[in-house]
Amino acid sequence: MKIEYITINAGQRFDAVMPEIPTNSIINKTVTGCGATYAEINAPRHSVIIEPNVPVIEGKLKKHPQILGVFEGVTTEDIIDFLNTNYNDGYLKIMTTPESFPKVRSAMVQTHTDMHGEWFMLFDECERTIQDTGYRGSITLPMDDFFRCKQKAMVSATPIIPSDPRFEQQGFTMKILRPTYDHKPKMLLIHTNNTVGWVRTLMGQVKGKGHPLCIFLNSTDTIHCMICTYKIEKRCKVFCSYESVKKLRKRDFSRAYSSLEELDEINFFTSRFFSAVDIELPTTACVLIVTDLSFAAHTVIDPTTEAVQIVGRFRNGVEDAAHIFSTNKEMPCKSREEIATRLEECEAVYKQVLQIEASGAGCDTRAQALEGMDYKRFMNADGTRNWFMWDNAYDDERIKRYYTDAELVREEYAKAFHTNCAEHIYPLSDCDRLQRINPRLKMKDLFREIVRQLEILEQNRTWNEYYFLREEIQNQVPMMVDAYYALGAAEIERHNYNMNEIGKQIQENESQQLLTSEKVCGEVYDRLKTGDKLPVCVVNRFMNDLIMRLGIPYRKKVTAKMIGIYFEYREVRTNKQRFIELGKRII
């Protein structure tokens, strides 16, 4: 693809260097928020602007009410009415999600509107067509119509060059804005094996400074886990997809929203809000990106696309930005060549099945075979290759590979940010935390794991996370923690992690502690003295009465020999009667 460079100076808007977005171009505007979408909204032509998510459209509608926003709830009839009512009143602007684009097409067909010949189609934040299509195939629904349009372009501050041959066939040009000034933001990179601990640390540093903390983490489950762990239910909001909102509300967390609302002290955002959404605040924000591979592999973030977009969301700027991330050197990653080979083999098999001639019941069998093949996702409805799915497979593996080594993450970030780097590897990690809630562990194995972690924790009492982690483990498995601090690792091991036996031992130890307490010893030494010679039955009765009267939970049989807790003694016989003669006091 041919590449052209266009310079842009500090403070310049997009339309100052490119008055009109040219057709058959992919615009790399390099700098987020410089006004490329704004330029198209005000361009003297009819436009269909495709945005990746609903919040983006909702934000634009607040500033440009003349636009028709099309998403769930807006009908084909609404679009027809918009076209019929406004066509002679100037240039029309329709902004739609990819999923709602078929309604726009249908409305234009019904009103005999020549979208392909007379309208300009702009695909905003175009890297999403590649990065999201793996889990959201509908994002490429407009692509066939896109290539049929005479006037069309893609735009983003972080585009990925697509491999679809139609771009080359139609002579697309990549136009890159090249800033004449230092446009790279700052980013603190923290590589750690304990992301939960570090997020808590940064929360503490930000608290009370008047800047909202915005945490970008693409896992609703991990977000909910963090909210519960940090006990911040009343101090935070979560901005995510509508489906995730429902999931969180089923878990009794009500402060979740699918559209942008007023921010709270702490705010979590999933990928729905990573790009294009304008977040306008009266102050700067503190931005925290989290990648936690132990909880969710899909929390990996591409430094040169997603991280750039995240920081660019804040129109009033960013006070501080940090990315806390873990790595996994064992994470399987394929090279581009390996992926291509595998997909080509799958495609060959798919096409062979597709070409099998069948009739009657055989047609159903072939259809079932095709439907059951995973490669079906990589094919378009018309039987052609879905190039965006191929690009998505390449892109996923590219990003995963960075997170096998912290240095690869740092190198990639350096292309788009000025970075400061830190590394904090702690004695207990996120993987250890995950083991504590592992439902597959048997009770005995969980007990063994808890003891191992508490042993490590006790060897690192000066660690900042010591008391937080001890409390967290205590809340998760209180009986096991109590047993550890009551008996110690060696005694628990001696009882083979058997909770029943350990419980009995704890009770015995507690009874022993009560029996040797100052109050009980005072009672004994007030009544009994060295040199006393008492019948065994009297001593036995004395000990029973003592235990009963003071409410000591002694589970074993009470005998006269228990006097040995307090005195040295010897048993003697006189006229066939058994006596106990008390010697020196022991306590």
Side-chain angles (χ1 to χ4, degrees), residues 188-205 222 225-226 228-232 290-296 322 324-331 403-407 421-510 512-513 516:
L188 171 63
L189 301 177
I190 301 173
H191 176 227
T192 183
N193 63 341
N194 195 312
T195 56
V196 173
W198 252 103
V199 171
R200 194 179 73 88
T201 297
L202 290 188
M203 279 183 182
Q205 293 175 0
T222 309
C225 180
M226 285 188 168
C228 295
T229 300
Y230 304 137
K231 299 180 175 63
I232 55 172
V290 180
T291 294
D292 187 346
L293 296 184
S294 67
F295 277 93
I324 297 174
F325 67 96
S326 56
T327 53
N328 179 5
K329 64 181 180 180
E330 305 299 330
M331 185 159 53
Y403 291 87
T404 61
D405 188 332
E407 189 56 36
C421 304
E423 183 161 272
H424 298 276
I425 305 302
Y426 292 114
L428 288 180
S429 68
D430 291 316
C431 291
D432 294 317
R433 178 178 278 103
L434 205 58
Q435 277 293 86
R436 297 198 297 269
I437 57 174
N438 185 351
R440 291 174 293 183
L441 280 184
K442 295 180 180 178
M443 188 61 69
K444 187 175 289 188
D445 293 332
L446 175 61
F447 202 175
R448 184 177 285 107
E449 177 63 23
I450 294 299
V451 169
R452 183 190 70 82
Q453 293 190 25
L454 289 171
E455 285 283 271
I456 293 172
L457 202 56
E458 288 306 309
Q459 292 166 15
N460 294 273
R461 293 179 68 92
T462 57
W463 183 24
N464 289 339
E465 290 296 295
Y466 170 81
Y467 289 105
F468 174 75
L469 276 175
R470 179 169 163 174
E471 181 182 354
E472 183 183 5
I473 300 172
Q474 173 77 44
N475 292 335
Q476 290 169 337
V477 283
M479 289 180 61
M480 295 180 183
V481 175
D482 291 344
Y484 173 81
Y485 286 106
L487 299 181
E491 189 70 5
I492 292 173
E493 173 69 27
R494 186 175 73 82
H495 287 285
N496 196 28
Y497 300 92
N498 185 306
M499 282 301 300
N500 288 332
E501 294 300 318
I502 287 168
K504 291 177 183 177
Q505 184 66 57
I506 290 173
Q507 286 184 340
E508 184 176 332
N509 289 3
E510 288 174 350
Q512 193 71 17
Q513 287 178 355
T516 57

Ignoring hydrogens and angles, tell me if any N or O in the side chain of [X] forms a donor-acceptor pair with the backbone of [Y] under 3.5 Å.
X      : Y      : value
Tyr497 : Leu446 : no
Asp430 : Thr195 : yes
Thr192 : His424 : yes
Asn496 : Asn498 : no
Asn475 : Glu472 : no
Ser326 : Leu293 : yes

**Request:** For salt bridge (charged side-chain N to carboxylate O under 4.0 Å, His left out), just list the numbers for Glu491 and Arg494, CA-CA rounded to whole Å, side-chain angles, deciding distance to a tenth of an Å, and then say yes or no.
**Result:** CA-CA 5 Å; Glu491 189 70 5; Arg494 186 175 73 82; 2.5 Å; yes
**Prompt:** Can a salt bridge be assigned to the pair Arg452 and Glu449 using a cut-off of 4.0 Å between side-chain N and carboxylate O?
**Reply:**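 Between Glu449 and Arg452 there is a salt bridge, with a charged N closer than 4.0 Å to a carboxylate O.
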Would you say the side chain of [Y] lies within less than 4.5 Å of the side chain of [X], judging by non-hydrogen atoms?
X      : Y      : answer
His191 : Ile425 : yes
Val290 : Trp198 : no
Ile450 : Tyr484 : no
Gln476 : Val481 : no
Asp432 : Ser429 : yes
Lys442 : Arg448 : no

If you round to the nearest 0.5 Å, how far is [atom2] of [Y] from [atom1] of [X]?
X      : Y      : atom1 : atom2 : value
Trp463 : Phe468 : CH2   : CZ    : 10.0 Å
Leu487 : Ile502 : CG    : CD1   : 6.5 Å
Lys444 : Met499 : NZ    : CE    : 12.0 Å
Ile232 : Arg200 : CD1   : CZ    : 11.5 Å
Asn328 : Asp405 : CG    : CG    : 11.5 Å
Leu441 : Phe447 : CG    : CZ    : 13.5 Å

Judged by modelled atom types alone, do [X] and [Y] share a side-chain donor-acceptor pair under 3.5 Å?
X      : Y      : value
Tyr466 : Arg461 : yes
Gln435 : Asn438 : yes
Asn509 : Gln505 : yes

**Message:** Is there a side-chain contact (heavy atoms from CB on, under 4.5 Å) between Asn464 and Thr201? Walk through the geometry before answering.
**Reply:** CA-CA 9 Å; Asn464 289 339; Thr201 297; over 6 Å; no
**Request:** Tell me, yes or no, whether the heavy-atom count around Met331 atom CE, taken from other residues, nucleotides or ligands under 6.0 Å, exceeds 12.
**Result:**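 Result for CE/Met331: enclosed.
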Minimum heavy-atom separation for [X] and [Y], please, with both atom names.
X      : Y      : value
Ala296 : Thr222 : CB-OG1, 4.0 Å
Ser294 : Leu434 : O-CD2, 2.9 Å
Thr327 : Ala406 : CG2-N, 3.7 Å

**Prompt:** Sequence neighbours excluded, which residues qualify as ring pair (Phe, Tyr, Trp, His ring centres under 6.0 Å) partners of Phe295?
**Reply:**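 Ring pair (Phe, Tyr, Trp, His ring centres under 6.0 Å) list for Phe295, sorted by chain: empty.
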**Request:** Apply side-chain contact (heavy atoms from CB on, under 4.5 Å) to Tyr485 and Leu454, showing your working.
**Result:** CA-CA 9 Å; Tyr485 286 106; Leu454 289 171; 4.1 Å; yes
**Request:** Report the C-alpha distance between Gln453 and Leu469 in whole Å, list the side-chain angles of each, state the deciding distance to 0.1 Å, and finish with yes or no for side-chain contact (heavy atoms from CB on, under 4.5 Å).
**Result:** CA-CA 10 Å; Gln453 293 190 25; Leu469 276 175; over 6 Å; no
**Message:** Between Leu189 and Glu423, is the side-chain contact (heavy atoms from CB on, under 4.5 Å) condition met? List the steps.
**Reply:** CA-CA 8 Å; Leu189 301 177; Glu423 183 161 272; over 6 Å; no
